[in-house]
Amino acid sequence: MRIATFNINGIKARLPRLLEWLEETRPDIACLQEIKTQDEGFPAAEFERLGYGAIWHGQKGFNGVAILARDAQPVESGRGLAGDPEDVHSRYLEADVHGVRVASIYLPNGNPVPGPKFDYKLSWMKRLRARAAELAMLELPVVLAGDYNVIPHDHDIWSTKALLDDALRQPESIAAYRTLLADGWTDALATHYPQGRVWTYWDYQAGAWQQDHGFRIDHLLLSPVAADRLVACGVDKAHRGREKASDHAPTWIELSD
DNA sequence: ATGTCGTGACCTTCACGA
């Protein structure tokens with residue numbers, strides 16, 4: 001079973017690319033982030049045509065997450081994270097699909113540092129950790145997939161000197177991410193590529209793609225039962241190089257049946 | 001130092017978020 005995560009940076013602008021990717025790679029589950037549309041604007045019929053059921057949590061202009069399932073309808077098990085009634089961002093959606101509990105996560109960017117946006121990022125990560133602890137109690141395999149906006153290690157960015165002041169590389173962000181790993185979650189790509197230097201994001205600016213100045217922020221965290229079934233993982237890098245591409249590349253895992 | 005996108009709004013151009 002293939003489970004992918006893809007920050008598409010606007011589902012309206014990206015729809016042809018997204019449908020093309022689905023047809024070419026046929027993931028069993030696709031977690032989408034930054035759909036950047038209200039619920040009414042979600043093109044569910046387009047996915048249905050390709051055999052995908054979907055659930056989505058939209059928001060006007062920004063954020064927004066979705067879960068697609070091939071030949072199935074995801075059964076929603078969570079929408080938003082508990083712990084902050086003031087939080088109106090659409091960043092978390094969770095469902096049961098094909099015997100797996102899966103979450104589509106769009107973790108706050110957190111820039112600039114310091115400031116309220118960075119505080120929000122860190123508190124959001126605490127709330128995610130609390131939800132993850134609940135999910136760890138399930139018998140089902142669990143996959144927490146999404147754009148974490150955290151660069152976990154120096155070898156997860158093209159230059160160790162880049163983005164040092166950025167929220168994506170702050171010690172507090174990295175520590176919160178490592179806390180999840182310490183709780184028993186497995187970073188799939190880190191396990192399979194221990195030497196690092198596998199990118200999932202290349203900025204639109206400054207010729208980052210052309211120079212391969214990327215970094216890794218799209219992660220799939222696996223519960224122990226899911227990690228036991230991990231057989232392969234990777235990044236659909238070629239899709240980042242196409243016309244009108246997202247600034248992220250699809251990132252995926254393969255679980256044994 | 002700069003570089004680019006996508007979205008939305010009294011909208012042919014800017015502000016914002018990333």
Side-chain angles (χ1 to χ4, degrees), chain A residues 5-21 31-43 46 56-66 80 84 86-93 104-125 128 145-152 156-159 161-170 172-174 176-177 199-219 235-251:
Chain A
T5 180
F6 191 5
N7 180 321
I8 55 173
N9 188 21
I11 203 163
K12 292 171 193 160
R14 206 71 57 217
L15 192 58
R17 283 286 95 95
L18 176 58
L19 296 173
E20 174 184 273
W21 169 74
C31 296
L32 307 179
Q33 300 86 35
E34 284 206 89
I35 63 173
K36 292 187 175 180
T37 181
Q38 289 172 297
D39 285 340
E40 308 87 88
F42 189 83
E46 302 281 350
W56 56 95
H57 188 197
Q59 183 181 336
K60 193 175 188 173
F62 306 104
N63 307 321
V65 286
D84 181 3
E86 312 263 284
D87 183 5
V88 294
H89 288 190
S90 298
R91 297 181 174 275
Y92 184 89
L93 190 61
S104 182
I105 289 167
Y106 180 46
L107 207 143
N109 173 294
N111 281 303
V113 180
K117 291 186 176 179
F118 189 57
D119 296 341
Y120 172 59
K121 176 178 195 154
L122 296 179
S123 70
W124 204 93
M125 292 184 84
L128 174 63
D147 175 0
Y148 280 72
N149 271 315
V150 174
I151 298 167
D156 291 317
I157 185 162
W158 63 278
S159 163
K161 297 186 186 101
L163 269 59
L164 281 173
D165 297 328
D166 196 281
L168 278 61
R169 280 192 84 188
Q170 288 310 292
E172 296 97 321
S173 310
I174 293 166
Y177 185 78
W199 320 142
T200 68
Y201 173 93
W202 294 258
D203 203 286
Y204 287 128
Q205 297 189 68
W209 168 250
Q210 288 75 9
Q211 298 168 86
D212 201 29
H213 289 177
F215 43 87
R216 189 173 73 96
I217 51 176
D218 299 277
H219 308 306
V235 178
D236 293 329
K237 184 174 175 178
H239 287 257
R240 175 61 182 85
R242 297 191 180 182
E243 284 295 308
K244 296 273 288 175
S246 170
D247 40 6
H248 295 249
T251 306

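Proteins get letters first, then strands, A, B, ... in listed order; numbering begins at 1 in each.
With both ends at atom P, the span from dC10(B) to dA15(B) equals 14 Å, rounded to whole Å. Here the separation of dG6(B) from dT2(B), taken at their P atoms, is 22 Å to the nearest Å. If you take atom P in dC5(B) and the same atom in dA1(B), they sit 22 Å apart, rounded to whole Å. The P atoms of dG8(B) and dG3(B) are separated by 24 Å, rounded to the nearest whole Å. To the nearest whole angstrom, the two P atoms, one in dC11(B) and one in dC16(B), are 16 Å apart.
Between the side chains of Asp218(A) and Thr200(A), at least one donor N or O sits under 3.5 Å from an acceptor N or O. With no hydrogens or angles considered, a side-chain donor-acceptor pair links Asp87(A) and Tyr120(A) at under 3.5 Å. A side-chain N or O of Asn9(A) and one of Lys36(A) form a donor-acceptor pair less than 3.5 Å apart.
Separating the CG atom of Asn109(A) from the C1' atom of dG17(B) is a distance of 8 Å, rounded to the nearest angstrom. Taking atom CG on Asp147(A) and atom P on dG6(B), their separation rounds to 16 Å, with Å as the unit. Distance, Gln38(A) CD to dT7(B) C1': 11 Å, rounded to whole Å. In this structure, Tyr120(A) atom OH and dG17(B) atom C1' are separated by 13 Å, rounded to whole Å. For the pair Lys36(A) NZ and dA15(B) P, the interatomic distance rounds to 18 Å; values are reported in whole Å. For the pair Asp218(A) CG and dA18(B) C1', the computed distance is 13 Å after rounding to whole Å. The distance between atom CG of Asn9(A) and atom C1' of dT7(B), rounded to the nearest whole Å, is 10 Å. With rounding to whole Å, Arg14(A) atom CZ is found 8 Å from dG6(B) atom C1'.
Within 4.0 Å (heavy atoms only), Gly61(A) reaches sugar-phosphate atoms of the nucleic acid but no base atom. In this structure, Tyr201(A) reaches neither bases nor backbone, as no heavy-atom distance under 4.0 Å exists between it and the strands shown.
Along DNA chain B, the nucleotide nearest Glu34(A) and the nucleotide nearest Gln211(A) are compared for position; the residue whose nucleotide lies closer to the 5' end is Gln211(A). The residue among Ala13(A) and Lys117(A) whose nearest nucleotide of DNA chain B is located toward the 5' end is Ala13(A).
Aromatic pair Tyr177(A)/His219(A): centroids less than 6.0 angstrom apart.
The pair Arg242(A)-Asp236(A) fails the salt-bridge criterion, with no side-chain N (NZ, NE, NH1 or NH2) lying under 4.0 Å from an Asp/Glu carboxylate O.
You'll find that the side chain of Phe62(A) is closest to dG6(B), out of dG3(B), dA18(B), dG6(B).
Close to dG6(B), at under 4.0 Å from its OP1 or OP2, lies a side-chain N or O of Lys244(A). The shortest distance between the side-chain N/O atoms of Lys60(A) and the OP1/OP2 oxygens of dA9(B) is below 4.0 Å.
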